[in-house]
Amino acid sequence: MSFFGKMFGGKKEVAPTTGEAIQKLRETENMLIKKQEFLEAKIEDELSIARKNASKNKRVALQALKKKKRLEKQLQQIDGTLSTIEMQREALESANTNTAVLTTMKDAADALKNAHQHMDVDKVHDMMDDIAEQQDVAREISDAISNPVAFGADLDDEDLERELDELEQENFDKEIIGIPEPAPTLPEAPTEDLPEKAKEKKKATTTTTTTTAEAADDDDPVMKQLLSWAN
């Protein structure tokens, strides 16, 4: 708003947004940088003129040096202005970032408030208590179902474990050590002959001896002569 507008109550101007202000500051910054480059080039030109005419034309050299001083003063002012604009732009960018962050946080807070609008803390605690109670009931039912009431109640665990150990030892002997299973023990056969068998065997032996002797006597002439003399 102009000075006269402020004095006579003119129309109130609308303040630009942070984004618009940052954009304008960047445009001004670029303009000043271009002017800074122009002034630096002009200073170099005036300095070159002063060097060329330092011994030939001192008046021209002095004019060039004066102009260089004025340009250097302008360049110094532009440097200060650029520093101020840069700090102002950084402050606006930081404020713009903070505004965006705060807006996001406010939206998140509103969404969270809306989500909790229909929730009551006491009701939530009651619901959690009901869940815990139902879990306890389910656990008791599972324990009751898995408890063997009448199936295998008369079995002795120690006897079953003993039998299991025997089976494991038997399998160990078969697979690892290779010990064969013990064969069933049978009664030994008698080594002595029965009385009837002994008599028959003795009789057969005697008969065989007599027959053998007679056959030998028939073959021997001396025995024949002795036999005939004995008879």
Side-chain angles (χ1 to χ4, degrees), residues 12-30 33 82-201:
K12 186 177 181 180
E13 295 182 358
V14 179
T17 62
T18 53
E20 294 174 351
I22 290 171
Q23 183 63 31
K24 289 182 179 180
L25 285 174
R26 285 176 179 172
E27 292 174 358
T28 305
E29 227 177 329
N30 293 331
I33 289 173
L82 280 174
S83 298
T84 303
I85 290 176
E86 184 178 0
M87 288 187 294
Q88 192 174 11
R89 178 177 55 80
E90 291 176 353
L92 280 173
E93 288 175 349
S94 178
N96 193 25
T97 302
N98 293 334
T99 302
V101 171
L102 290 175
T103 302
T104 304
M105 293 176 66
K106 184 179 181 302
D107 294 340
D110 293 339
L112 187 61
K113 182 179 180 181
N114 188 28
H116 292 161
Q117 185 176 2
H118 303 289
M119 292 185 183
D120 188 0
V121 177
D122 295 332
K123 292 181 179 180
V124 172
H125 285 301
D126 294 339
M127 182 182 65
M128 296 304 296
D129 292 338
D130 292 339
I131 292 174
E133 183 178 357
Q134 293 302 320
Q135 287 180 348
D136 293 337
V137 172
R139 191 180 301 108
E140 291 178 1
I141 292 174
S142 299
D143 294 340
I145 293 174
S146 61
N147 186 19
V149 177
F151 299 100
D154 56 344
L155 297 177
D156 190 359
D157 292 339
E158 294 183 358
D159 294 339
L160 294 176
E161 291 180 0
R162 192 181 303 110
E163 184 176 355
L164 180 61
D165 292 339
E166 293 176 357
L167 292 175
E168 289 179 354
Q169 184 63 36
E170 183 179 346
N171 292 331
F172 180 78
D173 294 340
K174 286 181 181 179
E175 297 176 2
I176 306 302
I177 303 179
I179 298 176
E181 295 184 4
T185 305
L186 298 176
E188 295 181 356
T191 56
E192 296 181 357
D193 295 333
L194 297 175
E196 293 78 4
K197 294 291 184 178
K199 290 180 181 180
E200 292 178 359
K201 187 175 181 181

Practice problem: Measure the shortest side-chain to side-chain distance between Leu25 and Glu29 over non-hydrogen atoms and say whether it is less than 4.5 angstrom. | Solution: no
Quiz item: Can you tell me how far the CG atom of Asp107 sits from the CG atom of Leu112, to the nearest 0.5 Å?
Solution: 12.5 Å
Quiz prompt | Arg89/Glu93 under salt bridge (Lys or Arg N to Asp or Glu O under 4.0 Å): CA gap, chis, key distance, verdict | solution = CA-CA 6 Å; Arg89 178 177 55 80; Glu93 288 175 349; 3.2 Å; yes
Quiz item: Between CE of Met87 and CG of Leu82, what distance do you get to the nearest 0.5 Å?
Solution: 11.0 Å
Self-check item: salt_bridge(Arg162, Glu166) N-O dist < 4.0 Å
Solution: no
Exercise. Kindly say whether Asp110 contributes a backbone atom to a donor-acceptor pair with the side chain of Asn114 at under 3.5 angstrom?
Key: no
Quiz item: When rounded to the nearest 0.5 angstrom, what is the spacing between CG in Leu102 and CE in Met105?
Solution: 6.5 Å
Quiz item: Nearest 0.5 Å, what's the NZ-OG1 distance between Lys24 and Thr28?
Solution: 9.0 Å
Quiz prompt | Main-chain N/O of Ala138 paired with Ser142 side-chain donor or acceptor, under 3.5 Å | solution = yes
Quiz item: Is the closest side-chain heavy-atom distance between Lys113 and Gln117 below 4.5 Å?
Solution: no
Quiz item: Say you draw a straight line from CG of Asp130 to NE2 of His125; how long is it, rounded to the nearest 0.5 Å?
Solution: 13.0 Å
Self-check item: Stepwise salt bridge (Lys or Arg N to Asp or Glu O under 4.0 Å) test for Asp126 and Lys123
Solution: CA-CA 5 Å; Asp126 294 339; Lys123 292 181 179 180; over 6 Å; no
Practice problem: Flag the pair Gln135 / Ile131 as yes when at least one side-chain heavy-atom distance between them is below 4.5 Å, and no otherwise. | Solution: yes
